[in-house]
2 protein chains.
Amino acid sequence: MKLSTRGKYGLYAMYYLAQHSGEGPQPLQDIATIGVPKLYLEQLLGNLRREGLISSVRGAQGGYQLARDASEITLLDIVDAMEGPIELSECTSDESACDKSCSCPVRWVWQQVSDSINNELKKIRLSDMLNKPCESEEPTCE
Amino acid sequence: MKLSTRGKYGLYAMYYLAQHSGEGPQPLQDIATIGVPKLYLEQLLGNLRREGLISSVRGAQGGYQLARDASEITLLDIVDAMEGPIELSECTSDESACDKSCSCPVRWVWQQVSDSINNELKKIRLSDMLNKPCESEEPTCE
DNA sequence: CGGAAATCCGATAAAAACAGTCGGGTTTTC
DNA sequence: GAAAACCCGACTGTTTTTATCGGATTTCCG
């Protein structure tokens, strides 16, 4: 189980915007320095905008910025915007697998897990990343 | 974010085996009645076996059965076997995105979430599904 | 022994999702 | 009006997913 690069890229971008909030709109050009292909990133930023997480300013001197304060944006917002809502269950939708047992426990289990994940993601706010002190020793990602 | 059908199919199969534990090996033919393509299911059961979750008996009257008690098998075991370990982070592995900030908070965040998900999955055991009473009203999956 | 029941396994193939690119359009500033 | 930027749909190559197929092997049982 892993999420696609969209989730990662999306968070990178959001983190960048959080770091530069208050500095006016950040052009794609600059955001792309986080190491995401520029043209691809443009697509992804489109998603984030359509989901209302960021706003954009068109024209020269334009760019992207957070649509609301970093403390009002959760990891869940970002992941949902980039990867769609969490859907572990939805069963096979043909009844053959399920209606033999009353209210299929498989479905119940996935629901449990989805709820937990959603809760965890909702707990973490974008601002938490800004405030996190540098306590660790390792300087680079693996 | 959703898991592939493998996760679902895998859990269906394990649930079936749990329901029939103590009845001797269940042939693929029977397990497939849960609504999974037989030939595909065969592959998946191979994974579960190689991961040590189930054992198989070859030859006539053979089949598959749980390798240990349902109470000793967690959802995490199953998901890991079917989808590989949870890998939200692993960063982009080229350092351009990360080493500008000391111990990249993006990585930290994904680690947090992965841990939470793993914990949740580990909490739920296969036996929990068997013991769950039929309290709900809806008889079929959506 | 020999056939039937079953698992095992690698190769293949179709379909979908993902990752990224491209070209042209629009908006805004200076 | 030119340049800077976002906007957007279409397209392409690659990878992953979801299977299917053919045959090999193992085991039971009469």
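Residue numbers begin at 1 in each chain, while the letters A, B, ... track the order of the sequences.
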Out of dC9(C), dT21(C), dT18(D), which has the shortest distance to the side chain of Tyr40(A)?
dT21(C)
Whole-Å gap separating C1' (dA19(D)) and CG (Leu28(B)):
14 Å
Within the structure shown, what part of the strands sits under 4.0 Å from Gly63(A) by heavy-atom distance: base, sugar-phosphate, or nothing?
sugar-phosphate
Look at the side-chain N and O atoms of Tyr64(A) and state whether any lies under 4.0 Å from the OP1 or OP2 oxygen of dC7(D).
yes
Pro37(B) has a side chain; which of dT20(D), dT18(D), dC6(D) sits nearest to it?
dT20(D)
Which nucleotide sits closest to the side chain of Ala60(B): dC30(C), dA4(C), dA3(D)?
dA4(C)
Between dC6(D) atom P and Gln65(A) atom CD, what is the distance in whole Å?
11 Å
Would one find a side-chain N or O of Thr5(B) under 4.0 angstrom from OP1 or OP2 of dT18(D)?
yes
Can you tell me the distance, in whole Å, between the CG atom of Leu39(A) and the C1' atom of dC6(D)?
12 Å
N or O in side chain of Tyr9(A) less than 4.0 angstrom from dA19(C) OP1/OP2
no
Out of Gln65(B), Met14(B), Arg68(B), which residue meets the side-chain contact (heavy atoms from CB on, under 4.5 Å) rule with Ile54(B)?
Met14(B)
Assign Gln43(B) to base, sugar-phosphate, or nothing according to its heavy-atom contacts below 4.0 angstrom with the strands shown.
base
Salt-bridge contact Arg125(A)-Asp69(A) (side-chain N to carboxylate O under 4.0 Å):
no
Length of the line joining Arg6(B):CZ and dA19(D):P, which is rounded to integer Å:
11 Å
In this structure, how many angstroms lie between the C1' atom of dT18(D) and the CD atom of Glu83(B), rounded?
13 Å
Using the side-chain heavy atoms of Arg58(A), tell me which of these nucleotides is nearest: dG20(C), dT7(C), dT28(C).
dT28(C)
Name the closest nucleotide to the Glu42(B) side chain, picking from dC8(D), dT7(C), dC6(D).
dT7(C)
Does the distance from a Lys or Arg side-chain N to an Asp or Glu carboxylate O, for Lys122(A) and Asp115(A), drop under 4.0 Å?
no
Report yes if a side-chain nitrogen or oxygen of Arg49(B) is closer than 4.0 Å to either non-bridging phosphate oxygen (OP1 or OP2) of dT7(C); otherwise report no.
no
Of the nucleotides dC7(D), dT18(D), dC30(C), which one has an atom closest to the side chain of Ser56(A)?
dC7(D)
To the nearest angstrom, the NZ-C1' distance between Lys38(B) and dC21(D) comes to 13 Å
Kindly indicate whether the side chain of Leu44(B), heavy atoms from C-beta on, has any atom under 4.5 Å from the side chain of Met82(B).
yes
Provide, to the nearest angstrom, the distance between the CG atom belonging to Leu45(A) and the C1' atom belonging to dG20(C).
15 Å
Thr33(A) side chain to Gln29(A) main-chain N or O, any donor-acceptor pair under 3.5 Å?
no
When rounded to whole Å, the CD to C1' distance for the pair Gln26(A) and dA4(D) reads 15 Å
